[in-house]
Structure formats: C-alpha cells, structure tokens
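Contents: one structure, followed by commentary.
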Amino acid sequence: MKMAQIKNIGLITSGGDAPGMNAAIRAVVRAALFYDLEITGIRRGFEGMINGDFFPMNRRSVSNIIQRGGTVLKTARSARFLDYEGRKAAYEQLKKFNVDALIAIGGDGTFRGAKAFGEEFDFPIIGLPGTIDNDLLGTDFTIGYDTAINTVINAVDKIRDTAESHDRLFIVEVMGKDCGMIALRTGIAAGAEAILIPENKSGMLKLIDRLENGRKDKTSRIVIVAEGENEEGGAFEVGRHVKEKFPHLDTRVSILGHIQRGGKPTCMDRVLASRTGVAAVEALMEGRKGEMVGIIRDEIVFTPFENACKHNTEIDPNMIRIVEMLSL
Ligand code: F6P
C-alpha cells in the first residue's frame, strides 16, 4: 500500500441521520487506530467543524455503539457551510486541531459540501454513504436503507391488520426526498396495491384505473406513497383524490415519518458500514480524495463526489411491474 502523509483524520456525520452510522464511526475509529493514526471526532457535522467542536477519539469512544441507531457524533444540516466564509472558518479549525484529512458520513448534501471544501482548500476527504434514502450513485445500498425498509414493512404489516379488520384502504407515506427507493422495495415486500414514486409519473393514473377496474372483492388495500415534491403531492393529497373519486371506499392516510430514521441497524447495515468504514481509512492512506466509497456487487468501489450525488439513481421498471402483477 502506497502511504500518504496523513496523521490525524477528522470524522463527521452530516445531514439526516441513518441507522448504521454508529457502526461506520466505530469502523473508521478502530481502523485508524489499527494503522496508528490519530482520529478526531467532530460533533454536528459541518456546523461543528465551523464551531471547533472537536475531540480526540480512542478505542473506548466507540465501545458498545455498533448496535445503536442515531449517531454518537450527532449531526446537523449546516446553512453556514453553504457559503465560502463558513467553509473557510471550518478549514481554519481543522488546521488549529492539526487535522489533515476528513471522513464524512452522509448523503448528497454532505458530498456537495465536501466536494466544494475539498477543492477550495485542497483537503483530502473520503465519504461514506449514510442515508436511509438509497439515492446515491456508486453503491448498491446506502447505510441505513436496509434498516429503514425493515422498519417500514413492520409498520405496514401492523397497518394491514387494522385495514383488514375494517375493510379499509390505507395510503401510507414513506420517506425519501424526491426518491422512490424506500417506497419501491417496501411496496413489494408489504404486498401493496400500488406504489406512487416521483420517478414514475403514471402512478396516480394507474391507481385510479386499478380502483375503477380491478377486483372489487378486496377486503384491504395498501398504497405506498413516497414523500416529496412529486406531481401527486404527498399521501394527504393522494388520499384527497381517492376519497373524492371513490367515496364508497373507507380510506385512511398514515404518515410513517421519522420512525424510519431510528432503531437498531440490521446486520446488512452494520456490515456495509464496517466494510466501507475500513475502506475509507485505507483510501486516505493510499492518497485518494474527493470520492465516496461504496459497494457494488459485493466489491468496494470509489465514485467522485460530483457523480455520487447526481440524484439519477435508476428505478428498475421490473420492480414496478412486479408490484402491479402481484397485486391482482
Ligand atoms: O434524507 C433523509 C431524509 O430522511 C429524507 O428521506 C427526508 O425527506 C428528510 O431526510 C427529512 O429531513 P428532516 O429530518 O431534516 O426533516
């Protein structure tokens, strides 16, 4: 391994938290210590960088966290870091604390900030994909997605019990800012009647067609809607349309909200976090920078920040076909 002159790695979690971020923090800290590097925790993401909220981390700082949701480093969405002045203040803090490289665990907003900062100050940064949304290019799955989708299907299974008892149609809204990845998989796994996602504009028309022309003897129906600025609006908007057009159906709306961001990470998320965490430390030591580390078909891959956060993750049309075919 070609060694770069890195002595002290700063570590942040940034943007929306995701289950498995703690497992990633643990992996980064332990891998850095394994290679005799210093590791500096920075609280509350880029906001904490600007404020100088730094502390040295050791083996014990990450004991007993692999199984915990949230992030022990805390997180924030920093408006100040969007401006050059904020980023300059953050750079000065890094210099003051002798931090010479950074690992940032987060999503697209984090990587946009990391790209600007890395280029302006020629500072080595490696990213880890930490978001429940699974909306980053360069990794099959993001840390937190598997836990979130399991949380969703557990909740929808419960909703199904009451839907069945009352012969109701439930419109269930799941998270995913401008992205239908959570809705897509959970729609299949929960046996949904239909899914409405921003990437597929015909969802509402198909739902109406299904309710008009599909089987009439169904006792319960679940429709999964991704939040966000899609044409149909969120679940309340969809619910309003359905109630207007099908007043005979007993329709309810349920927003799952932030429960999707919490809870114990699944085995898949812990392993993904551990593998990418170790790879991030080794990448910095090899002199890599400005990239996100992900896993594609079980192989570690690196993707430049600008590509990782392009927001054009592709929806497999087969997945939508499967929902339609199986909800006869
Ligand atoms: O990006 C993760 C996410 O949970 C999105 O799915 C959601 O739209 C957003 O964060 C909510 O953010 P906040 O908790 O800041 O309202």
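First listed ligand is number 1; within each ligand, the first listed atom is number 1.
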Q. Is K74 salt-bridged to D17, going by a charged N under 4.0 Å from an acidic O?
A.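 No, K74 and D17 are not salt-bridged.
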
Q.
With a 4.0 Å cut-off on heavy atoms, is G107 in contact with ligand 1?
A.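 Heavy atoms of G107 never come under 4.0 Å of ligand 1.
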
Q | Per atom 8 (O) of ligand 1, closest listed option by heavy atom (R261, E227, Q260) | A |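 Nearest option to atom 8 (O) of ligand 1, by heavy atoms: E227.
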
Q: Select the closest option to atom 12 (O) of ligand 1 among M175, R77, M181, judged by heavy-atom distance.
A: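 Considering heavy atoms of M175, R77, M181, the nearest to atom 12 (O) of ligand 1 sits in R77.
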
Q. Has ligand 1 got any nitrogen or oxygen that is less than 3.5 angstrom from a nitrogen or oxygen of I132?
A.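 The answer is no, given that I132 and ligand 1 share no N or O pair closer than 3.5 Å.
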
Q: Can you sort out which atoms of ligand 1 are near H258, meaning under 4.0 Å from one of its heavy atoms?
A: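 Atoms satisfying the 4.0 Å criterion: 13 (P), 14 (O), 16 (O).
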
**Q.** Ligand-side contact atoms (ligand 1) for residue partner D133, heavy atom cut-off under 4.0 Å
**A.**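 Selected atoms, number and element: 1 (O), 2 (C), 3 (C), 5 (C), 6 (O).
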
Q. Can E164 and T219 be counted as having a side-chain donor-acceptor contact under 3.5 angstrom?
A.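 Present: a donor and an acceptor within the cut-off.
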
Q | Ring centres under 6.0 angstrom apart (F46, F117) | A |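 F46 vs F117: aromatic centres not under 6.0 Å.
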
(Q) Would R43 pass as a cation-pi partner of F55, given that its NZ or CZ must be under 6.0 Å from the six-membered ring centre and within 45 degrees of the axis? (A)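 Pair R43/F55 counts as cation-pi.
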
Q: Before giving the answer on side-chain hydrogen bond (donor to acceptor under 3.5 Å, both in side chains), spell out for N51 and R80 the whole-Å C-alpha distance, their side-chain angles and the decisive distance to 0.1 Å.
A: CA-CA 11 Å; N51 294 336; R80 283 195 290 167; 2.6 Å; yes

